[in-house]
Structures are given as structure tokens and as C-alpha cells.
Amino acid sequence: MKILLVTKSFSAGGSASGAGNLARALESVGIEVVRLDAYAAQKRCWHGGARLAERVFEHVFFDAETHCLRLAPPVFRLPELVAAHRPDLVQLCDVSGNVIRFADLRHLPCPVVHRMSDFWPYHGPHHYAMSPGKGPLSAQWLLKTSVFSGAELPDVRVAPSAWLGDLLARHAPDPGRIRIIRNAVAIPKNVSRAAVNPGVLRFGFIATHVLDPRKGLRTALPRLEALARQGVRVCLHLYGRITNEQLPRLSRVEVVGHGPFDRAQLARVFDSFDILLCPSRLDNSPNTLCEALAHGRPVIAQGGCGMDSYLDGSTGALVDFWSNRPAAGQGFVDSALRIAADYRNYSSSAATYAARHLSLPTIGWAYLDLYRELVARY
């Protein structure tokens with residue numbers, strides 16, 4: 001089977017990791033994957049200037065999370081690509097109306113699957129709108145006029161978490177065309193599962209922009225301070241873009257900034273801490289969570305969102321970072337102490353869960369089953 005895999009980028013951002021892992025998962029079960037990288041393609045043509053003008057307009061008149069304007073044609077023309085490569089199916093990953101023309105989906109001679117990383121454009125111009133129709137009416141009008149009318153749906157949309165799948169299905173004309181398949185992750189051969197170092201509990205936080213308010217770092221800081229007041233020496237390791245001047249200054253918690261890293265350094269990154277923190281309310285299934293589990297690192301994450309599909313009582317904990325209730329803060333402290341006291345078992349369970357449920361072949365077969373079903377209909 002031959003798949004045309006289209007995404008914004010295979011190199012920049014968390015969504016690029018998701019697209020790359022999906023491509024490797026498909027290849028692991030024998031699928032031929034043709035990778036199409038919009039950012040790489042537009043560097044070779046004039047589209048880059050138009051993309052910059054569009055983003056400036058959206059920033060000035062709306063905000064950083066609003067995507068509603070297309071001044072120039074999209075980078076890829078799907079009908080031409082399908083005619084040239086003759087795939088059995090088109091797989092979309094993180095795409096916008098500037099990467100493809102959604103209207104083209106109605107004219108392709110093969111099925112189309114869209115793996116979702118957020119709600120856009122199906123919930124409107126805002127990436128993280130929980131339901132359609134949110135945001136300025138002018139942005140809604142621009143989106144429907146220049147990018148997405150609301151009618152050009154793929155054959156199936158894949159959500160990597162039950163939370164995202166349920167929110168999409170709630171507003172879908174046909175909820176049966178939404179499937180839930182978890183994110184894939186490469187399983188390392190040698191996983192460090194040592195016990196917690198005596199006297200110190202090390203936490204990790206990973207984000208492209210560490211201080212991005214959506215990622216919720218500020219909600220985790222008082223939780224760590226409360227844990228330190230229990231007599232635990234706490235160290236927080238921050239990975240991503242942040243200057244030394246921007247590092248949080250905490251009275252009881254040691255904070256270390258490491259800056260960005262590349263995939264070749266993953267083992268070193270996860271060896272530097274014991275527990276990963278994922279306090280965002282908007283990440284439906286961050287790749288860092290999957291990578292942490294694969295490296296035998298338990299995770300404490302925000303409950304009530306997509307991370308519920310990846311964590312249970314044996315691989316980490318779900319808490320409420322955003323609540324001001326004392327019970328919520330105590331819930332974090334209790335969870336951290338419980339994981340630290342039984343760390344070897346939590347670490348082993350995390351690595352086992354990732355190997356069984358998130359490995360490249362496991363996710364590859366799930367997609368192959370879906371592809372075969374869709375191709376048979378055509």
C-alpha cells in the first residue's frame with residue numbers, strides 16, 4: 001500500500017514529531033510513505049512571503065492562535081500530487097488551509113484520512129476552540145471565504161485521544177467518521193529504570209516555548225513548592241526556549257534551564273529527571289508524554305483532557321494543576337510522593353505500557369486496518 005503523507009513540517013515543533021512518528025509507524029508495517037513537507041517546499045518558491053504576510057495580518061487584527069486568511073494559493077495541489085504519485089490513500093497530519101486546499105478533498109479518487117493535533121479548522125479559526133463558532137465573526141467569515149467552508153471533510157478524522165475524539169464527534173455531521181488511534185513512539189532499546197536518587201526528586205518540563213501560557217508551567221510551580229515544604233529536595237529541569245533571566249525564581253525549588261534539544265539527545269534528556277510534568281489543559285496527547293513513558297519515566301499530567309487516554313494509576317497520575325482548591329494541591333503532593341516511594345514499579349509500568357500500546361508497529365497496524373477498510377470501499 002502506498003500513502004501520500006502531507007504535513008506542515010517534519011522538523012519544527014511537536015506536531016512534526018507526531019508526523020515523523022506516524023510515518024515511521026506506517027513504514028514499520030510495510031506501507032510505502034511519500035512524505036510531503038510544506039515548510040521545506042515553500043522555501044523553494046514564493047509562498048514563504050505570502051505566509052509571512054498572512055501571519056502578520058492575523059497577529060495584528062486577531063491573535064497568535066487565529067488562522068483564517070489565505071492570500072496566496074496553498075503550497076500543495078492535492079489533485080496534481082495524487083495524479084503524479086498514484087497513492088492508495090492520502091494521509092493528512094498537521095495541515096492548514098495554506099498547506100492544502102480543503103475543497104480539493106471532494107475531487108480526489110482515493111480516501112483521505114486526517115490525523116488531528118488540535119481542533120482547527122473544524123471548530124473555526126482558533127486552534128483550541130472547544131466548539132465551533134468561537135472567536136470574532138470577521139475571522140469566521142474570512143476562514144469560510146478563503147480557507148474552509150465547513151463542507152470539505154475527509155473520509156475519516158483520527159484523534160489520538162478519546163477527549164479530542166469526543167469533542168470532534170459532538171459537532172460532526174457523521175460521528176462514525178471519527179476514529180481514535182493513539183500516538184506512536186519509538187521504543188528505545190535500553191531504558192534506565194533506576195530508583196529515585198536519595199534525597200532529591202527531579203521533575204522535567206518540556207515545551208518549545210517554556211513560558212507559553214498554554215503549557216501551564218506557572219500552575220506547576222506552587223505545587224512543587226508545596227512538595228518541597230514536605231521536606232523533599234525538589235529540582236525542576238526545563239527544556240525549551242527560555243533565557244536565564246526568565247527562569248522562575250523559587251525559594252525552595254532548584255530550577256535548571258537546559259534550552260532546546262534535538263531527537264538524538266532524547267535519552268540524555270529523560271535521564272536527567274524522574275517524573276515528567278504535563279500541566280497543559282489543551283494538549284490532547286503531547287509527544288513528550290509518550291516519549292517519557294517509552295523511556296520509563298512516569299508522568300504527572302492534567303486530568304480531564306487528552307492525557308487521560310495515556311495515563312493510569314500504574315504509569316503516573318492525573319491531577320488538577322489549574323484549580324486553586326487546597327485539595328488539588330495536596331493531590332499533586334500525594335501523587336509525587338507515591339510515585340517516588342514505588343518508583344521502580346512506576347518506571348517499569350510506563351515502559352511496558354509504551355511498548356505494548358504505543359510502539360511503531362502497534363500504531364502502524366491500527367492505521368493499516370483503517371486504510372484497508374477505506375480502500376475497500378473505493
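Keep in mind that this is a model prediction, so the values were computed, not measured. Values below: every heavy atom of this structure, side chains too, minus hydrogens, waters and symmetry copies.
- Between Asp274 and Arg202, at least one side-chain nitrogen of the basic residue sits less than 4.0 Å from a carboxylate oxygen of the acidic one, meeting the salt-bridge criterion.
- At least one side-chain heavy atom of Leu78 sits under 4.5 Å from a side-chain heavy atom of Val6.
- Remark: Arg356 CZ is loosely packed, at most 12 non-hydrogen atoms of other residues, nucleotides or ligands lying under 6.0 Å away.
- Residues passing the ring-ring contact (aromatic ring centres under 6.0 Å, His included) test with Tyr353 are His357, sequence neighbours excluded.
- Listed by chain and number, the residues in a salt bridge (Lys or Arg N to Asp or Glu O under 4.0 Å) with Arg106 are Glu152 (sequence neighbours excluded).
- For Gln230 (side chain) and Leu227 (main-chain N/O), no donor-acceptor pair under 3.5 Å exists by modelled atom type.
- Qualifying salt bridge (Lys or Arg N to Asp or Glu O under 4.0 Å) partners for Glu225, counting only residues two or more places apart in sequence or in other chains: none.
- Of the possible polar contacts, none joining the Thr352 side chain to the Ser349 backbone as a donor-acceptor pair under 3.5 Å is found.
- Checked against salt bridge (Lys or Arg N to Asp or Glu O under 4.0 Å), Arg233 has the following partners two or more places apart in sequence or in another chain: Glu254.
- Side-chain atoms of Leu276 and Ile300, non-hydrogen and from C-beta on, never get closer than 4.5 Å to each other.
- Taking the side-chain hydrogen bond (donor to acceptor under 3.5 Å, both in side chains) definition, one finds that Arg24 meets it with Asn21, sequence neighbours left out.
- A distance of 10.5 Å separates CG of Leu5 from CG of Asp37, quoted to the nearest 0.5 Å.
- In the displayed structure, Arg86 atom CZ is contacted under 6.0 Å by at most 12 heavy atoms of other residues, nucleotides or ligands.
- Between Tyr367 and Gln91, the side chains place no donor N or O within less than 3.5 Å of an acceptor N or O (distance only, hydrogens not considered).
- In plain terms, the two heavy atoms of Ile180 and Ala162 that are nearest each other are CD1-CA, 3.5 Å.
- For the 3.5 Å distance criterion, the side chains of Arg55 and Asn98 fail to qualify, holding no donor opposite an acceptor.
- Partners of His171 by ring-ring contact (aromatic ring centres under 6.0 Å, His included), not counting sequence neighbours, listed by chain and number: His123.
- A 4.5 Å side-chain heavy-atom check between Cys290 and His295 finds every atom pair outside the cut-off.
- A distance-only check finds a donor-acceptor pair linking the side chain of Glu54 to the backbone of Leu71 [under 3.5 Å].
- Other residues, nucleotides and ligands place more than 12 heavy atoms under 6.0 Å from the CG atom of Asp174.
- Within the 3.5 Å criterion, the main-chain N or O of Pro160 finds no donor-acceptor partner in the side chain of Arg182.
- The distance from atom CG of Asn183 to atom CD1 of Ile363, rounded to the nearest 0.5 Å, is 8.0 Å.
- Proximity of a side-chain donor or acceptor of Ser347 to a complementary backbone N or O of Gly296 within less than 3.5 Å is detected.
- Between Tyr371 and Leu26 there is a side-chain heavy-atom pair separated by less than 4.5 Å.
- In this structure, the side chains of Val375 and Met1 come closer than 4.5 Å at one or more pairs of heavy atoms.
- When atom types are taken as modelled, the side chain of Arg297 and the backbone of Phe273 share a donor-acceptor pair closer than 3.5 angstrom.
- Using a 4.5 Å heavy-atom cutoff, the side chains of Ile187 and Leu360 are not in contact.
- Nearest approach of Val33 to Ala23, heavy atoms of both residues: CG2-O, 4.0 Å.
- Interatomic distance, CZ of Phe332 versus CG of Leu318, reported as 13.0 Å (0.5 Å rounding).
- By the ring-ring contact (aromatic ring centres under 6.0 Å, His included) test, Phe76 pairs with no residue at all, sequence neighbours left out.
- Residues Pro121 and Phe102 are in side-chain contact: their nearest non-hydrogen atoms beyond the backbone lie under 4.5 Å apart.
- Partner of Asp212 under the side chain to side chain donor-acceptor pair (under 3.5 Å) criterion, chosen from Arg214, His209, Lys215: Arg214.
- Residue Trp141 holds its CH2 atom at 12.5 Å from CG of Leu137, rounded to the nearest 0.5 Å.
- With sequence neighbours excluded, no residue forms a side-chain hydrogen bond (donor to acceptor under 3.5 Å, both in side chains) with His85.
- For the side-chain contact (heavy atoms from CB on, under 4.5 Å) with His114, the qualifying choice from Asp94, Leu92, Val90, Leu153 is Leu92, the only one to do so.
- Across every non-hydrogen atom of Ser314 and Tyr346, the tightest pair is O-CD2, 3.3 Å.
- Judged by distance alone, the side chain of Trp365 and the main-chain N or O of Val29 form no donor-acceptor pair under 3.5 Å.
- Within the structure, salt bridge (charged side-chain N to carboxylate O under 4.0 Å, His left out) pairs that include any residue of residues 361-378 comprise Arg179-Glu373, Glu373-Arg377 (at least two apart or interchain).
- Considering Leu277, Leu293, Ile206, Val299 as possible partners of Thr288, the one that fulfils the side-chain contact (heavy atoms from CB on, under 4.5 Å) test is Ile206.
- In this structure, a donor-acceptor pair under 3.5 Å is present between the side chains of Thr362 and Ser359.
- Here the shortest heavy-atom pairing between Ser149 and Lys144 reads O-NZ, 3.7 Å.
- The side-chain heavy atoms of Asp104 and Ile100, taken from C-beta on, include no pair separated by under 4.5 Å.
- At distances below 3.5 Å, at least one donor-acceptor pair connects side-chain atoms of Gln246 with backbone N or O atoms of Thr243.
- Side chain of Ser348 to backbone of Asn345: no donor-acceptor contact under 3.5 angstrom is found.
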Does the pair Asn287 and Glu291 meet the rule for a side chain to side chain donor-acceptor pair (under 3.5 Å), with working shown?
-> CA-CA 6 Å; Asn287 291 293; Glu291 290 164 347; over 6 Å; no
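- Residue Ser280 holds its OG atom at 10.5 Å from CZ of Phe321, rounded to the nearest 0.5 Å.
- For Asp320, the side-chain hydrogen bond (donor to acceptor under 3.5 Å, both in side chains) test picks out Gln302, with sequence neighbours left out.
- Between atom CG of residue Asn244 and atom CG of residue Leu247 there is a gap of 5.5 Å, rounded to the nearest 0.5 Å.
- A donor-acceptor contact shorter than 3.5 Å is absent between the side chain of Thr66 and the backbone of Phe62.
- For Phe205, the ring-ring contact (aromatic ring centres under 6.0 Å, His included) test picks out no residue, with sequence neighbours left out.
- Sorted by first and then second residue, the ring-ring contact (aromatic ring centres under 6.0 Å, His included) pairs involving residues 237-258 (not counting sequence neighbours) are His237-His258, Tyr239-His258, Tyr239-Phe261.
- Closest approach of Cys305 to Arg281, counting heavy atoms only: CB-O, 3.8 Å.
- Scanning both residues, Val200 and Cys235, for their nearest heavy atoms gives CG2-CB, 4.3 Å.
- Hydrophobic clustering (side-chain heavy atoms under 4.5 Å, transitive across Ile, Leu, Val, Met, Phe, Trp, Tyr) groups Tyr122 together with Met130.
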